[in-house]
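Accompanying notes for the structure given below.
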Amino acid sequence: MTRQTVREAAESASYPLFIPFIMAGDPNKETTIELALTMQEAGAHILELGIPYSDPLADGPVLQRSALRALKHGMSLTEAIELIPEMRKKGLTIPVIIFSYYNPVLRMGIETFIEKLTENEADGVLIPDLPLEESEELSTLTKKVNLANISLVAPTSSTRLEKIAAQAEGFLYCVSSLGVTGTREEFPPEAYAFIEEVKASSEVPVAVGFGISTPEQVKRLQGSADGVIIGSAIMKKVEGLQAELEHEAKRRDALQSIQQYVEGLLAVPSSHQQ
Amino acid sequence: MSKVYPDDKGRYGAFGGKFVPETLMFALEELEQAFEQAWNDEAFMNDYHHTLEEFAGRPTPLTYAERLTEKLGGAKIYLKREDLLHTGAHKLNNAVGQALLAKRMGKKKIVAETGAGQHGVATATVCARMGLECKVFMGEEDMRRQSLNVFRMELLGAEVVPALSGSKTLKDATNEAIRYWVSNVEDTFYLIGSVVGPHPYPKVVRNFQRIIGDETKQQLQDIEQSLPDAAVACVGGGSNAIGMFYPFLEDDVELYGAEAAGMGVETSHHAATISKGTKGVIHGSLTYLIQDENGQIIEPYSISAGLDYPGIGPEHSHLAESGRVQYEAVTDDEAMEALKELTRTEGIFPAIETAHALHLAFAQAKKMSKDQILVICASGRGDKDVNTIKESLEREVQS
């Protein structure tokens, strides 16, 4: 069976294209593998597997804490990539994107990194602190092996938007509003116009991330974006269920409640469509 | 050596660049443009120099250390007295320059990071003078250790925000300042304290600090009708060092940087980025840094709060790799000995950061001949360190 590419998965999804972010190793490997399957079960089309990092500049408190917990448990870039085949063995079929800050990748060596990704059946890569101007070395290599190198655009991208959109692969990650990751009460009013501008410039599907934590937000984005990326809201749930997730006997119930929570976020009632 | 750095990608050889989230890229482009215009604008430069003269106290003296020279028996030693600058260290040169730039760009809010508090105090000072709103991130642990500087900043009207993440020191204060900037990039100017961070910051800070070396060159010309044979400075992020070195890069002058070896480079308690670090990205710049085998950044250690940064300015990484500057690591103990020596021999009480440069300079001076000249950047005064020094000397007596 051939897996869908990131772009195929993004294009074939009906709204909302759902891309969850989970932090590898929070609180342990077993949970991460199960959580990936839980997300697929909850309707995920693509999975972002996050690599914990000591100095995550683009992240708010929830993902900072999550990374620290994962690091304390010894998670690393190598180990996280090697979780993917274990997820596949248990039935994960959706494309997986490795989400890592640049320093762990550089430390491993870009070529080794790419080799490991292909060996372990990853489908894409997203480096939040590697803007277009610095990404040539990586993207030359990802192109050779058909890995999607996911780009981000932000409300401040301004004149940069077209340049970034023109070379976007897989899907375009649209940062909803200024700031770090984590829940926002609601988006500023100008966010929607920006998202529509991004959508108009992009040939690949547009997924909105940073701050999505309510079904209302997901519903409100219908029509302007193709999908949503949800990370902090999920990892906040994981944070609240640490004790349960660490106990094998209680893990299943905890994952069940996370699944229900995520399904609740995504419930766009078809009967109420405007 | 005539190649101009940084190049148009913000690189110093293999180092530097802009490794930041997309949200900040536009702000960096905007800053670069504004800086290049300002730097070439006579009115702006007049304003910068005028403020440094009438407010900050420039030019700072170049002091001949006669007794120390005799005692060491080698090169003639001169001290560039940045310790006499308003607020007590070279940091103000850069804070004045960037704050004027912020005003020119129409930004009324300033955010900064600080470790020991020297850059925070310098920033709060210029903000008070120029009527700018000032927010300073400082690690919670540093706030406890440097409570007097917290008070000074607050007295100057700044808001000091504790950085609660990570190890709660300079690295984390920098993370928090950048995160705050990401959220408020449209109306806030990030006033970085050293030659670190994404392009164009290392260049902006270098240019505002090069006045140290420019003045030194002129002053030595007036006194000795000569260039120095060697120049020495301490390096944390490396702003006083680059300020001293940059005007001499093309000259026949040996350059030495002293980084912090803490308890020793063979221990895990040091901040010796060049001696013990590996290449990586920290705070938006590709440079040497202290990290583990998985690319996680390791918290550095030095008795000097101004040197315990896990990275180093990218231009220093380049100067180390090209061999133009020699970097050597100096331990806590060596620095404290040098500090006592300068205080007692010359009546100048330096900051512990500066004391690292002193140790390295004394060793070099001894190897040089009496007709040679060595200049040391006395980057700051020791008043802020009185408690640390007292504790350290008391420990020494007990052990």
Side-chain angles (χ1 to χ4, degrees), chain A residues 51-61 64-65 67-68 70-71 74-80 100-109 113 127-136 151-161 163-164 173-182 184 210, chain B residues 8-11 14 16-30 163-167 171-188 197-199 277-287 289-299 310-311:
Chain A
I51 309 302
Y53 181 50
S54 56
D55 295 78
L57 274 186
D59 286 311
Q64 287 174 38
R65 289 197 299 266
L68 281 183
L71 287 174
M75 184 47 63
S76 66
L77 177 56
T78 306
E79 272 199 53
S100 174
Y101 285 87
Y102 197 37
N103 196 51
V105 172
L106 274 179
R107 185 71 175 135
M108 178 182 276
F113 174 63
I127 315 273
D129 54 350
L130 194 68
L132 184 61
E133 287 78 352
E134 302 286 359
S135 70
E136 199 184 321
S151 306
L152 292 96
V153 289
T156 45
S157 291
S158 170
T159 50
R160 303 167 48 80
L161 169 58
K163 213 169 29 171
I164 297 170
Y173 191 135
C174 176
V175 175
S176 66
S177 42
L178 297 181
V180 292
T181 59
R184 289 142 173 72
F210 279 49
Chain B
D8 54 8
K9 285 189 78 185
R11 296 290 187 125
K18 292 182 200 176
F19 298 89
V20 295
E22 171 60 25
T23 308
L24 293 180
M25 287 300 284
F26 186 74
L28 293 173
E29 287 172 9
E30 190 183 63
L164 304 172
S165 58
S167 53
K171 160 176 95 72
D172 310 287
T174 308
N175 288 339
E176 290 302 326
I178 294 175
R179 286 177 185 129
Y180 179 85
W181 192 38
V182 170
S183 308
N184 299 275
V185 62
E186 282 163 328
D187 66 351
T188 302
H199 179 68
T278 46
K279 287 176 198 174
V281 163
I282 182 169
H283 298 138
S285 185
L286 182 65
T287 189
L289 59 99
I290 303 170
Q291 58 180 329
D292 70 13
E293 70 281 6
N294 292 316
Q296 307 293 340
I297 293 168
I298 295 173
E299 190 56 33

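Excluded from the calculations below are hydrogen atoms, water molecules and symmetry mates; all remaining heavy atoms, backbone and side chain alike, are included. Residue numbers start from 1 in every chain, and the chains themselves are labelled A, B, ... in the order their sequence lines are given, proteins ahead of strands.
For Val281(B) against Tyr53(A), the heavy-atom pair with the smallest separation is O-OH, 3.7 Å. Looking at every heavy atom in both residues, Ser183(B) comes nearest to Val180(A) through OG-N, 4.0 Å. Residues Asp59(A) and Arg179(B) share a closest heavy-atom pair of O-NE, 3.0 Å.
Contact of Pro52(A) with chain B is made through the backbone alone, with heavy-atom distances under 4.5 Å. Contact annotation for Asp292(B): only backbone heavy atoms (N, CA, C, O) come within less than 4.5 Å of a heavy atom of chain A. Using a 4.5 Å cut-off between heavy atoms, Ile178(B) contacts chain A through its side chain alone, with no backbone atom that close. Within the 4.5 angstrom heavy-atom criterion, atoms from both the backbone and the side chain of Glu133(A) approach chain B. Tyr102(A) touches chain B through its side chain: at least one heavy atom from C-beta onward sits under 4.5 Å away, while N, CA, C and O do not. Heavy-atom distances place no part of Leu77(A) under 4.5 Å from chain B, backbone and side chain included. With a 4.5 angstrom heavy-atom cutoff, Leu289(B) touches chain A only via side-chain atoms. Neither the backbone nor the side chain of Ile51(A) comes within less than 4.5 Å of any heavy atom in chain B. With a 4.5 Å cut-off on non-hydrogen atoms, Pro128(A) touches chain B through its backbone but not through its side chain. Interface remark: Leu71(A) contributes side-chain atoms only to the contact with chain B (heavy atom separation under 4.5 Å). Val153(A) touches chain B through its backbone: at least one of N, CA, C or O sits under 4.5 Å from a heavy atom, while the side chain does not.
Among Ala154(A), Ser177(A), Pro155(A), Gly60(A), the residue making the largest number of heavy-atom pairs under 4.5 Å with chain B is Ala154(A). With chain B as the partner, the residue from Leu106(A), Val105(A), Thr78(A) showing the most heavy-atom pairs under 4.5 Å is Leu106(A). Taking Glu29(B), Glu176(B), His283(B) one by one and counting their heavy-atom pairs under 4.5 Å with chain A, the maximum is reached by Glu29(B).
Looking only at side-chain heavy atoms (C-beta outward), Asn175(B) and Leu57(A) come within less than 4.5 Å of each other.
A distance of 10.5 Å separates CE of Met75(A) from CG of Asn294(B), quoted to the nearest 0.5 Å. Between His199(B) atom NE2 and Glu134(A) atom CD the span is 10.0 Å, to the nearest 0.5 Å. Rounded to the nearest 0.5 Å, atoms OG (Ser54(A)) and CD1 (Ile282(B)) are 8.0 Å apart.
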Task: Verdict with reasoning, Arg107(A) to Thr278(B), per side chain to side chain contact (heavy atoms under 4.5 Å, CB included) - done: CA-CA 9 Å; Arg107(A) 185 71 175 135; Thr278(B) 46; 3.6 Å; yes
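Residue Asn103(A) is tested with Gln296(B), Gln291(B), Lys279(B) for a side chain to side chain donor-acceptor pair (under 3.5 Å); the sole match is Gln291(B).
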With a cut-off of 3.5 Å and sequence neighbours excluded, list every side-chain donor-acceptor pair involving residues 16-27 of chain B.
| unit_1 | atom_1 | unit_2 | atom_2 | d |
| --- | --- | --- | --- | --- |
| Glu22(B) | OE1 | Arg160(A) | NH2 | 2.9 |
| Glu22(B) | OE2 | Ser157(A) | OG | 2.7 |
| Glu22(B) | OE2 | Arg160(A) | NE | 2.9 |

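Taking the salt bridge (charged side-chain N to carboxylate O under 4.0 Å, His left out) definition, one finds that Asp172(B) meets it with nothing, sequence neighbours left out.
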